[in-house]
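Lettering of chains follows the sequences in order, A, B, ..., and the numbering in each one begins at 1. Just so it is clear, the values below take in all heavy atoms, side chains as well, and ignore hydrogens, waters and symmetry mates.
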2 protein chains.
Amino acid sequence: MGKTIPEQPFASRAKDDRSTAHNSSYNERNDAIIKAATMLIARDGYEKASMRAVAAEAGVSPASMYHYFDGKEAMLFTILFRAFSGLESNLRMKTHLIEDPLEQMRIMIAEHVMFFANDMDGLKLCSHELDSMRGKAYEELHRIRRSYYHHTREIVNNLVKKYNLKVCDSHVATMSLFSSLNWLYRWYDPHTSSRSPAVLGKLFFEQFIGGLTGSELLQQDNGEET
Amino acid sequence: MGKTIPEQPFASRAKDDRSTAHNSSYNERNDAIIKAATMLIARDGYEKASMRAVAAEAGVSPASMYHYFDGKEAMLFTILFRAFSGLESNLRMKTHLIEDPLEQMRIMIAEHVMFFANDMDGLKLCSHELDSMRGKAYEELHRIRRSYYHHTREIVNNLVKKYNLKVCDSHVATMSLFSSLNWLYRWYDPHTSSRSPAVLGKLFFEQFIGGLTGSELLQQDNGEET
DNA sequence: ATAATTGTCGAACGCCCGTTCGGGTGTTTG
DNA sequence: CAAACACCCGAACGGGCGTTCGACAATTAT
């Protein structure tokens, strides 16, 4: 009993960590289930996407699903964990050796957009279905998410410091940036749009930096209103 | 048969338009249901929020719900219709007599944030649950949403024209603005935050205008990269 | 007073859900 | 060769869902 929440430090594994075994058929099926679940949950939402539908899409029986995952929630956890930690570790890796915060910022935005373009459904779930998780699983995902936020926020702070920007509220600025990135799944499809992910990242970067540095259009009567 | 989708021009009414009648108890119950449904769907999501739970929250029996709404989807439609059309008509009203697009933009952002602060759950549903609608109901809501977008986009275009901004992509700029506004429900609570809606609107406005006009930080080597 | 309409609800219907059970296959291990 | 194990699934369980039905009160119209 108590199968739904694994015991100790929580990780991205499925039911057991068979990733070291030389059994390839297991991992193939596992990935097929993850892929089917990601697509269907992105399309229909977590509650509406049924285990039966995921099983049919993945080509297995509903009962076999429980060979690979403890349950529906554990399945969603695996999807979100992979996406969130991939995003976070990629950011850490790509900005590690860069010193200029402006360049770090450019990389962060470009990498996030690229990451989205490569896994639209996965990142949609990160934005849309995180609240479907409860308890320790939610906390673990939220921890990674917060780490990603802190990393970005630190870049913003260094940016403000280095270039002496008179930014009023770096929290709001950072949240606005995340808004643009997380809202992508609502309107942007790299396979359809005329804008490439690289171009879009550049636009976001310029907008964000412009938003941080302010505009001369607003210099006229700053300070009061009737 | 065919009760779920009303026949002709679709409107924000419940089952019948009893708003002209002098029966106050009917409208009170109706509003109580809408209020309960908005809260519960915002908290649990459309699929997870059950008619039984909404009925209990509103203080009626599950069966009585169907005196006021044709079904669950019609109930959500009413909520979304009120929020969307309120947002849209308010924008039209407030910018109608203003000529300067800069001032129009300031008003649009400030009004949207105010609107959110006054109906957080409603606007959360607009962002989160629109996809739960199907068919004609979805199309009607989408039409209002698009009208709101077009109105805003027009302001942006006039802004660019009047002040000779060299903005690269006004669609991306407008979507970024909507991102910031629609993402509010994820992190901002006017009752808890130290920032008032007015302050937040001002910050958004400044960021957006700064993002449109660009930054001198980026002037160095624009045009190529290795 | 009587008929018609409106509002209310307990009970139930039929459906789909996540999940489990028990028993099948193969395949590896001693 | 037999035991152990990984894998797979048809069938079922218990429960919650949206919705409907039919009867009963309350109000309004005639």
Side-chain angles (χ1 to χ4, degrees), chain A residues 1-5 13-33 36-37 40-41 44-78 129 132-134 137, chain B residues 1-5 13-33 36-37 40-41 44-78 129 132-134 137:
Chain A
M1 50 187 73
K3 278 179 60 181
T4 54
I5 301 295
R13 57 203 159 90
K15 212 163 180 180
D16 283 308
D17 197 349
R18 282 183 181 75
S19 56
T20 56
H22 46 73
N23 189 339
S24 70
S25 126
Y26 178 89
N27 292 89
E28 277 174 19
R29 287 272 226 209
N30 195 313
D31 285 350
I33 294 175
L40 285 175
I41 297 177
D44 301 330
Y46 174 72
E47 297 290 341
K48 210 173 181 182
S50 70
M51 293 295 268
R52 284 169 171 85
V54 173
E57 178 74 23
V60 300
S61 75
S64 287
M65 304 276 288
Y66 293 83
H67 234 337
Y68 297 90
F69 300 95
D70 280 337
K72 196 182 185 185
E73 194 169 314
M75 199 176 65
L76 177 61
F77 177 82
T78 301
E129 307 288 0
S132 300
M133 304 297 300
R134 305 283 174 203
Chain B
M1 49 186 73
K3 278 180 60 183
T4 54
I5 300 295
R13 56 202 159 90
K15 213 164 177 178
D16 283 307
D17 196 350
R18 282 181 181 75
S19 57
T20 55
H22 45 73
N23 189 340
S24 71
S25 131
Y26 178 89
N27 292 92
E28 277 173 19
R29 288 270 227 209
N30 195 314
D31 286 351
I33 293 174
L40 286 176
I41 297 176
D44 301 331
Y46 174 71
E47 296 291 340
K48 209 173 182 183
S50 71
M51 294 294 269
R52 286 169 170 85
V54 173
E57 178 73 23
V60 300
S61 75
S64 286
M65 304 275 288
Y66 293 82
H67 251 289
Y68 296 90
F69 300 95
D70 280 337
K72 197 183 184 184
E73 193 169 315
M75 199 176 65
L76 177 61
F77 176 82
T78 301
E129 307 287 1
S132 300
M133 304 296 300
R134 306 282 175 202

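Nucleotide D:dC7 holds its P atom 12 Å from the CD atom of A:E28, rounded to whole Å. Atom OH of B:Y26 is separated from atom P of C:dT5 by 17 Å (rounded to the nearest Å). Rounded to an integer number of Å, the gap from CG of B:N30 to C1' of C:dT6 is 15 Å. Atom CD of B:E47 and atom P of C:dG18 are 11 Å apart (whole Å). Between B:D70 atom CG and D:dT19 atom P there is a gap of 9 Å when expressed in whole angstrom units. Rounded to whole Å, atom C1' of D:dC7 lies 15 Å from atom CZ of A:F69. In this entry the distance linking OH of A:Y46 with P of C:dC17 reads 13 Å, nearest Å. Rounded to a whole Å, the CD1 atom of A:I33 is 11 Å from the P atom of D:dC7.
Considering only side-chain atoms of A:M51, the nucleotide from C:dT19, C:dG7, D:dT19 that sits closest is C:dT19.
A:N30 CG to A:H67 NE2: the interatomic distance, rounded to the nearest 0.5 Å, is 12.0 Å. We find the CD-OG1 distance between A:E73 and A:T78 to be 11.0 Å, quoted to the nearest 0.5 Å.
Within 4.0 Å of A:A49, counting heavy atoms only, lie sugar-phosphate atoms of the nucleic acid but no base atom.
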Check: residues 52-59 of chain A side-chain donor-acceptor pairs under 3.5 Å, at least two apart:
none

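Dashed line: the shortest gap from a side-chain N or O of A:Y68 to OP1 or OP2 of D:dC8 is under 4.0 Å.
For the side-chain hydrogen bond (donor to acceptor under 3.5 Å, both in side chains) test, no residue two or more places apart in sequence or in another chain qualifies with A:S50. Take A:D44 and apply the salt bridge (charged side-chain N to carboxylate O under 4.0 Å, His left out) test, not counting sequence neighbours, and it matches no residue.
Residues A:V60 and A:M65 approach most closely at CG2-SD, 3.9 Å, considering heavy atoms.
Both the sub-6.0 Å distance and the 45° axial angle are not jointly satisfied by A:K48 relative to the ring of B:Y46.
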Short N/O separations, protein against nucleotides 9-16 of chain D, under 3.5 angstrom:
{"from": "D:dC9", "atom 1": "OP2", "to": "A:S61", "atom 2": "N", "distance (Å)": "3.2"}
{"from": "D:dC9", "atom 1": "OP2", "to": "A:S64", "atom 2": "OG", "distance (Å)": "3.1"}
{"from": "D:dA12", "atom 1": "N6", "to": "A:R52", "atom 2": "NH2", "distance (Å)": "3.3"}

